[in-house]
Amino acid sequence: MAILKRSSHLRRFVYPIYRGLERSVHPLRYLFIEITQRCNLECRHCGSDCGKETRLDELSTAEWIDFFAYLPIHFDPKSLILVITGGEPLCHPEFGRITEALKRHGLSWGMVTNGYSLTPGRLKKLMADGLASITISLDGLEASHDWLRGRRGAFKRALAAIGLVAQSGIGLFDVVTCVNPRNLQELPAVEELLRGLGVPAWRLFSIFPKGRARKNTELILSNDQTLDLFNWIAQRRRGLGGGGFSLEFCCEGYLPAGTDRAVRDDPFFCRAGINIGSVLCDGAISACPNISRQFVQGNIRHDDFKDVWENRYQRMRQRDWMRQGDCRTCKEWTRCQGNSLHLWDDEANRPVRCFKEICF
């Protein structure tokens, strides 16, 4: 045990050096593909304000397929993972052609889904087309989930999808939960539910005030509730052992070292634009799909994606410009580096939330 603790402390001591190397070399490891902004739910916290119809000039299926043909020529497909997201990917009218193209071009891919439209037949087709990982959202028990997702029956559909995937043999599978004041006290019951279904991994998110959530303050955890969340995660993680079920707080937001170790497997590192890129539904080239569109670096309709990845993104890789306001004199700056990029408020020129202020 002492050896493990020394190893953990050493890793966190050298982590700033590792992050500096990653920024310098910036290997693209995860590419998020926002295949559409169409969605079959009306989530109260949606950062993209998705709905039944898209408001943007989305790429055609042919344009997506051309881009998938481009990727293995310019990037090593063995070291790149595509994550298909939305909106809701299953709402894309030609999603079957999209997944067939991913397989045809030898790309490793996974997807994020609300599970509402995932049926045994659709899952079988996705797996035949090479689906390697899948994330499904479950946001509390039935009333809480349906309230947050804006549609009655969403919980039952999500639960059915989770059970279906848990029995499918897909190697990488996890469930994510957006924690808010309505479902905070339900987490023990949700854990029991997921473990009973055979879910191997569970990630918890807090909701931050962007998109629709900016106007829905009832979705945001108070400081005390946030501390309750971290304490509960830490307590549960201590009791998990090697039981085949993992639980952790998401990558969102810098946390003081002690809290970070207690609630996460890996130290905080916002990889947006460093190891993570994205192509949005209209072809815009960005990083983590949750960050503001002010960070868009180009568009695959008229820019070469490889060139953009190698020669732009400087604002995401060197973040000294974020050191303003309270961050200017913060002693945690070298580790935090301005917090997660998706928490940056364009208008206020500061993060919309700082967990350090809560945890210290």
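Values below: every heavy atom of this structure, side chains too, minus hydrogens, waters and symmetry copies. Since we're looking at a predicted model, the values are computed, not measured.
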Quiz item: Say you draw a straight line from OG of Ser286 to CD1 of Ile276; how long is it, rounded to the nearest 0.5 Å?
Solution: 11.0 Å

Self-check item: Arg264 side chain vs Arg261 backbone, donor-acceptor pair below 3.5 Å
Solution: no

Quiz item: Any luck finding a side-chain donor-acceptor pair between Thr113 and Glu88 under 3.5 Å?
Solution: yes

Quiz item: Do Arg335 and Asp260 sit within salt-bridge range, that is, some charged N less than 4.0 Å from a carboxylate O?
Solution: no

Quiz item: In Å and rounded to the nearest 0.5 Å, what is the NE2 to CZ distance from His105 to Phe67?
Solution: 12.0 Å

Quiz item: To the nearest 0.5 Å, what is the distance between CD1 (Ile84) and CG (Leu82)?
Solution: 5.5 Å

Quiz prompt | Ring-face cation contact, Trp232 with Arg238, 6.0 Å cut, 45° max | solution = no

Self-check item: Salt bridge Glu310-Lys306, side-chain N to carboxylate O under 4.0 Å
Solution: yes

Self-check item: Path from Tyr70 to Leu31 over hydrophobic side-chain contacts below 4.5 Å
Solution: yes

Self-check item: Quiz item: cation-pi between Arg157 and Tyr116, 6.0 Å / 45°
Solution: yes

Self-check item: Over 12 non-hydrogen atoms of neighbours within 6.0 angstrom of CD in Glu192
Solution: no

Practice problem: Report yes if some heavy atom in the side chain of Val112 is under 4.5 Å from a heavy atom in the side chain of Val176; otherwise report no. | Solution: no

Practice problem: Begin with the C-alpha distance, continue with both residues' side-chain angles, and end with the deciding distance and a verdict on side chain to side chain contact (heavy atoms under 4.5 Å, CB included) for Asp320 and Trp333. | Solution: CA-CA 10 Å; Asp320 288 346; Trp333 170 262; 4.2 Å; yes

All N/O donor-acceptor pairs, side-chain side in residues 127-135, below 3.5 Å, sequence neighbours left out:
unit_1 : atom_1 : unit_2 : atom_2 : d
Asp129 : OD2    : Thr99  : OG1    : 2.7
Asp129 : OD2    : Lys125 : NZ     : 2.4
Thr135 : OG1    : Asp174 : OD1    : 2.6

Quiz item: For Ser60, does its backbone N or O pair with a side-chain atom of Glu63 as donor and acceptor, under 3.5 Å?
Solution: yes

Quiz item: Between the side chains of Thr177 and Trp202, does any donor sit under 3.5 Å from an acceptor?
Solution: yes

Quiz item: Considering all heavy atoms of both residues, which atom of Ile136 and which atom of Ala158 are nearest to each other, and what is their separation?
Solution: CG2-O, 4.4 Å

Quiz item: Looking only at side chains, do Glu186 and Ser144 share a donor and an acceptor under 3.5 Å apart?
Solution: yes

Practice problem: Give a yes or no on whether Tyr313 and Met322 share a hydrophobic cluster (residues Ile, Leu, Val, Met, Phe, Trp, Tyr; joining criterion: side-chain heavy atoms under 4.5 Å apart). | Solution: yes

Practice problem: Examine distances only and state if a side-chain atom of Ser340 and a backbone atom of Leu343 form a donor-acceptor pair shorter than 3.5 Å. | Solution: no

Quiz item: So Phe230 and Phe355, ring-ring contact (aromatic ring centres under 6.0 Å, His included) or not? Walk me through it.
Solution: CA-CA 10 Å; Phe230 292 153; Phe355 291 129; 5.5 Å; yes

Practice problem: Side-chain contact test, heavy atoms from C-beta onward, threshold under 4.5 Å: evaluate it for Glu22 versus Ile17 and give yes or no. | Solution: no

Practice problem: Using only heavy-atom distances, determine whether the side chains of Glu58 and His92 contain a donor-acceptor pair under 3.5 Å. | Solution: no

Self-check item: Salt-bridge contact Glu42-Arg151 (side-chain N to carboxylate O under 4.0 Å)
Solution: no

Quiz item: Does a salt bridge link Asp282 with Arg293, judged by any charged N lying under 4.0 Å from a carboxylate O?
Solution: yes

Quiz item: Does the ring of Trp321 carry Arg315 above it, NZ/CZ under 6.0 angstrom from centre and within 45° of its axis?
Solution: yes

Practice problem: Under the side chain to side chain contact (heavy atoms under 4.5 Å, CB included) rule, what do Ser206 and Thr226 come out as? Steps first, then yes or no, please. | Solution: CA-CA 8 Å; Ser206 62; Thr226 302; 5.8 Å; no

Quiz item: Looking only at heavy atoms, what is the nearest atom pair of Cys178 and His45, with distance?
Solution: SG-NE2, 3.7 Å

Quiz item: Any side-chain donor-acceptor pair under 3.5 Å between Asn311 and Asp307?
Solution: yes

Quiz item: Shared ILVMFWY cluster between Val263 and Phe245, side chains joined below 4.5 angstrom?
Solution: yes

Quiz item: What do the steps show when you test Leu80 against Leu28 for side chain to side chain contact (heavy atoms under 4.5 Å, CB included), and what is the final call?
Solution: CA-CA 7 Å; Leu80 177 63; Leu28 179 61; 3.8 Å; yes

Quiz item: Using a side-chain heavy atom cutoff under 4.5 Å and only I, L, V, M, F, W and Y, what cluster partners does Leu21 have?
Solution: none

Quiz item: Does a sphere of radius 6.0 Å around CG in Asp326 hold more than 12 heavy atoms from other residues, nucleotides or ligands, not counting ones at 6.0 Å or beyond?
Solution: no

Quiz prompt | Ring geometry between Phe208 and His342 (parallel below 30°, tilted from 30 to 60°, perpendicular above 60°) | solution = tilted

Quiz item: Okay, side chain of Ser24, backbone of Gly20: is any donor-acceptor separation there less than 3.5 Å?
Solution: no

Quiz item: Taking the six-membered ring for Trp, are Phe75 and Phe305 ring centroids under 6.0 Å apart?
Solution: yes

Practice problem: List the atom of Arg323, the atom of Arg328, and the distance in Å for their closest heavy-atom pair. | Solution: NE-O, 3.3 Å

Practice problem: Answer with yes or no whether the hydrophobic clustering places Leu240 together with Ile233; edges join I, L, V, M, F, W, Y residues whose side-chain heavy atoms lie under 4.5 Å apart. | Solution: yes

Exercise. Supply the atom-to-atom distance Leu59 CG to Ile35 CD1, rounded to the nearest 0.5 angstrom.
Key: 8.0 Å

Self-check item: Test applied, side chain to side chain contact (heavy atoms under 4.5 Å, CB included); reference residue, Arg29; option that passes from Ile274, Ile81, Asn275
Solution: Asn275

Quiz item: What is the distance from atom SG of Cys46 to atom CG of Asn216, rounded to the nearest 0.5 Å?
Solution: 11.5 Å

Quiz item: Can you tell me if Arg350 uses its side chain to pair, donor with acceptor, with the backbone of Trp344 under 3.5 Å?
Solution: no

Quiz prompt | Arg152 atom CZ, over 12 foreign heavy atoms within 6.0 Å | solution = no

Quiz prompt | Flag, side chain of Arg312 to backbone of Gln297, donor-acceptor distance under 3.5 Å | solution = yes

Exercise. For the pair Asp139 and Arg149, find out whether any cationic side-chain nitrogen is under 4.0 Å from an anionic carboxylate oxygen.
Key: yes

Quiz item: Is there a donor-acceptor contact under 3.5 Å from the side chain of Thr36 to the main chain of Arg38?
Solution: yes

Practice problem: Give the minimum heavy-atom separation between His145 and Ser137, together with the two atoms involved. | Solution: CE1-O, 3.7 Å

Quiz item: Is there a donor in the side chain of Ser246 and an acceptor in the side chain of Arg203, or the other way round, less than 3.5 Å apart?
Solution: no

Quiz prompt | Ile162 CD1 to Leu193 CG distance, which is reported to the nearest 0.5 Å | solution = 7.5 Å

Self-check item: Minimum heavy-atom distance Pro200-Phe173, with the two atoms named
Solution: CG-O, 3.2 Å

Quiz item: When you look at Met316 and Leu341, which way does the side chain to side chain contact (heavy atoms under 4.5 Å, CB included) test go after all the steps?
Solution: CA-CA 8 Å; Met316 304 182 204; Leu341 209 58; 3.7 Å; yes

Quiz item: Counting N and O atoms only, with roles assigned by atom type, does the side chain of Asn299 sit under 3.5 Å from a partner on the main chain of His302, one being a donor and the other an acceptor?
Solution: no

Quiz item: Is there a chain of hydrophobic side chains (I, L, V, M, F, W, Y, each step under 4.5 Å between heavy atoms) that links Val308 to Ile291?
Solution: yes

Practice problem: State, with a plain yes or no, whether a side-chain heavy atom of Ser278 is found less than 4.5 Å away from one of Leu280. | Solution: yes

Practice problem: Kindly say whether His26 contributes a backbone atom to a donor-acceptor pair with the side chain of Trp309 at under 3.5 angstrom? | Solution: yes

Self-check item: Under 3.5 Å donor-acceptor, Arg317 side chain and Gly273 backbone
Solution: yes

Exercise. Indicate the atoms forming the closest heavy-atom contact of Ser168 with Val165, along with that distance.
Key: OG-O, 2.6 Å

